[in-house]
Asks: 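One structure is given below, represented as structure tokens, and several questions about it will come after.
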Amino acid sequence: MTLLTVLSRSLRLVHLLALILVVGLAFGCASKAPGTRGGGETPSKSGKKRSKTPATQRPYVINGTTYYPIPSAIGYVEQGIASWYGEPFHGKKTSNGETYNMYGDTAAHKTLPMNTILLVKNLENGRSTIVRINDRGPFVQERIIDLTLTKAKELDIVGKGTARVEILAMETQPPGQEQLIATAPAKPPAETGKPPAGSDKPQPQPPPAKAPPIPDFDKGNFYVQVGAFVKIENARTLAKAFAKRGRDVVIQQYPAAGMNLYRVMIFASNSLAKAKVYEKELEAEGFRYALLLAR
């Protein structure tokens, strides 16, 4: 057998082994199910992605009372009692998963969306402060907001423990706070050996940006929720009772805990002050859990 014949047979064997390897890899890859790209959400069997409501926006029950977080804080104004919470809760998790810091600038509210910015005014001494909602509470009658120790000091309510306040949801950054604007650095002039013309003269500074005015939160479409039902028939019965009084009524479907609730909302007024009066009237009629909402 010549050397050329041996080499020819060796090359054929290498080619055969390579072909077997390629075929094996192809079948191996074809047997695996493709995964979702980028770790995205896996569609359901119907081919549609399931919409998930954040946990902090789902209805919850405390001491037998069901609370329904509202979807938006726009136009929200409320008066009531403010309190503060400190050492026993310091370092523990808040409702949105943050770590509570009693020296921070946050607060707790029962129904406002997380990260709502509030202007809190002490109606007893005129002091005010700004907070961000990151927790749920307080679950004590007449109390509407729980503050950190730092914010309670700013309102001068630490010693007394509570104070009557007004809270106002802010859509924009409040006046008096500086805006942080990122700008690209200016390019240095080309080095020509001569200073640029007019460099020895002071450059005019742009006028400071004016803070946007706070909108009139007393105006809007205000409703009072008087009930929430699993069966729409019950919601319609209550709605008809108010319709007979000449009131405009809305039944709103609301997803909660894997089922649909039907909320009955009565139009109160275009004025927040008048709407709050109507809310109190409904409470006096026996609707203990009447809740003022802005739509």
Side-chain angles (χ1 to χ4, degrees), residues 53 56-83 95 107-114 116 118 120-121 123 133 136-146 162 164-169 217-257 259-295:
T53 302
T56 55
Q57 285 299 106
R58 299 171 189 166
Y60 60 98
V61 180
I62 299 292
N63 298 327
T65 300
T66 303
Y67 297 92
Y68 299 90
I70 60 179
S72 172
I74 295 177
Y76 193 92
V77 182
E78 185 180 10
Q79 290 186 0
I81 303 299
S83 53
S95 297
H109 191 275
K110 292 185 279 290
T111 58
L112 283 173
M114 293 294 152
T116 296
L118 290 177
V120 185
K121 182 179 180 180
L123 299 177
I133 298 300
R136 289 290 180 227
F139 302 106
V140 179
Q141 192 173 11
E142 296 298 325
R143 296 189 187 182
I144 63 171
I145 191 169
D146 250 349
T162 60
R164 185 161 184 81
V165 300
E166 179 180 71
I167 61 176
L168 181 148
F217 287 103
D218 186 66
K219 296 180 181 179
N221 296 320
F222 300 101
Y223 289 75
V224 177
Q225 177 183 309
V226 291
F229 303 91
V230 175
K231 295 182 178 180
I232 192 171
E233 292 80 8
N234 296 336
R236 287 172 177 167
T237 300
L238 182 58
K240 288 178 181 178
F242 277 93
K244 289 180 180 179
R245 301 185 186 183
R247 287 284 180 177
D248 292 333
V249 187
V250 173
I251 297 178
Q252 182 186 55
Q253 187 175 345
Y254 188 89
M259 61 182 179
N260 289 322
L261 292 179
Y262 298 93
R263 303 197 292 188
V264 180
M265 297 182 293
I266 315 302
F267 178 73
S269 176
N270 293 119
S271 165
L272 178 62
K274 293 180 180 179
K276 291 184 74 66
V277 172
Y278 184 58
E279 179 190 25
K280 294 300 181 183
E281 292 176 358
L282 290 176
E283 290 178 354
E285 287 186 28
F287 295 95
R288 293 178 53 200
Y289 305 117
L291 177 64
L292 182 61
L293 301 171
R295 298 190 69 200

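Scope of the values below: all heavy atoms of this structure, side chains included, with no hydrogens, waters or symmetry mates.
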Asks: Provide the closest heavy-atom pair for P71 versus Q57 in the form atom of the first, atom of the second, distance.
Replies: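 Looking at all heavy atoms of both residues, the closest pair is CA-NE2, 3.8 Å.
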Asks: Donor-acceptor pair, distance only, cut-off 3.5 Å: does the side chain of R136 make one with the backbone of T56?
Replies: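 Yes; at least one donor-acceptor contact below 3.5 Å.
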Asks: Distance-only, no hydrogens or angles: does the R247 side chain make a donor-acceptor pair with backbone N or O of F267 under 3.5 Å?
Replies: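 Yes: the side chain of R247 pairs with the backbone of F267.
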Asks: Roughly how far, to the nearest 0.5 Å, is the CD1 atom of I144 from the CZ atom of R164?
Replies: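 The CD1 atom of I144 is 8.0 Å from CZ of R164, to the nearest 0.5 Å.
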Asks: One pair to check against side-chain contact (heavy atoms from CB on, under 4.5 Å): V230 and L261. What are the steps and the verdict?
Replies: CA-CA 5 Å; V230 175; L261 292 179; 3.7 Å; yes
Asks: Is the shortest heavy-atom distance from the side chain of L168 to the side chain of L118 under 4.5 Å?
Replies: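 Heavy-atom side-chain distance check fails, nothing below 4.5 Å.
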Asks: Indicate the atoms forming the closest heavy-atom contact of V249 with A243, along with that distance.
Replies: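 Closest approach of V249 to A243, heavy atoms only: CG2-N, 3.9 Å.
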Asks: For A235 and F229, work out which heavy atoms get closest and say how close.
Replies: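 Closest heavy-atom pair between A235 and F229: CA-CD1, 3.6 Å.
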Asks: On a heavy-atom basis, which atom in V224 and which in A275 lie closest, and how many Å separate them?
Replies: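 Shortest heavy-atom separation between V224 and A275 comes out as CG2-O, 4.3 Å.
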Asks: Using only atom types and a distance under 3.5 Å, with no angle test, would you say the side chain of E166 pairs donor to acceptor with the backbone of V120?
Replies: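 Looks like no, no N/O pair under 3.5 Å.
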Asks: Could you measure the distance from the CD atom of Q225 to the CZ atom of F287? Nearest 0.5 Å is fine.
Replies: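 These two atoms lie 12.0 Å from each other.
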Asks: Tell me, do M114 and P69 make a side-chain contact under 4.5 Å, heavy atoms counted?
Replies: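 Counting from C-beta outward, M114 and P69 never come under 4.5 Å.
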Asks: What's the separation between atom CG in L238 and atom CD1 in I251, rounded to the nearest 0.5 Å?
Replies: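 Separation between the atoms: 8.5 Å.
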Asks: Can you check whether Q79 reaches L123 side chain to side chain, under 4.5 Å on heavy atoms?
Replies: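 Yes - at least one pair of side-chain heavy atoms lies under 4.5 Å apart.
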Asks: side-chain contact (heavy atoms from CB on, under 4.5 Å) for I81 and V140? Distances and angles first, verdict last.
Replies: CA-CA 10 Å; I81 303 299; V140 179; over 6 Å; no
Asks: Is it the case that over 12 heavy atoms from other parts of the model lie below 6.0 angstrom from the CG atom of D248?
Replies: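 Atom CG in D248 is not packed in, count stays at 12 or less.
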Asks: If you round to the nearest 0.5 Å, how far is CZ of F139 from OG1 of T65?
Replies: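 Those atoms lie 10.0 Å apart.
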Asks: Within a 6.0 Å radius of atom CZ on R288, are there more than 12 heavy atoms belonging to other residues, nucleotides or ligands?
Replies: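 12 or below, so no.
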Asks: Using every non-hydrogen atom in the two residues, find where F242 and I266 come nearest and quote the distance to one decimal.
Replies: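 What the structure gives for the nearest pair is CG-CD1, 3.6 Å.
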Asks: Would you please indicate if the ring centroids of F222 and Y278 are separated by under 6.0 Å?
Replies: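 Judged by ring-centre distance (under 6.0 Å), F222 and Y278 do not meet the cut-off.
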Asks: What heavy-atom pair brings I133 and L112 nearest, and what distance separates the two atoms?
Replies: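 Shortest heavy-atom separation between I133 and L112 comes out as CG2-O, 4.4 Å.
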Asks: Could you check whether K280 pairs with E283 (Lys NZ or Arg NE/NH1/NH2 to Asp/Glu carboxylate O, under 4.0 Å)?
Replies: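 Counted as a salt bridge, because a side-chain N and a carboxylate O are separated by less than 4.0 Å.
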Asks: Within the supplied structure, the quantity of interest is the number of heavy atoms (other residues, nucleotides, ligands) at a distance under 6.0 Å from K110 NZ; does it exceed 12?
Replies: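 Correct, the count exceeds 12.
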Asks: Nearest 0.5 Å please: distance from the OH atom of Y68 over to the CZ atom of R263.
Replies: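 Answer rounded to 0.5 Å: 8.0 Å.
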Asks: Let me confirm one number: the OH-OG1 distance from Y76 to T111, rounded to the nearest 0.5 Å.
Replies: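 Output value for this atom pair is 4.5 Å.
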Asks: Does the pair H109 and I167 meet the rule for a side-chain contact (heavy atoms from CB on, under 4.5 Å), with working shown?
Replies: CA-CA 10 Å; H109 191 275; I167 61 176; 3.8 Å; yes
Asks: Heavy-atom distance under 4.5 Å between the side chains of N270 and N221, does that happen here?
Replies: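 Of all side-chain heavy-atom pairs linking N221 with N270, at least one is under 4.5 Å.
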Asks: With the threshold set at 4.0 Å, does a side-chain nitrogen-carboxylate oxygen contact exist between E281 and R245?
Replies: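 Looking at E281 and R245, the cut-off is not met.
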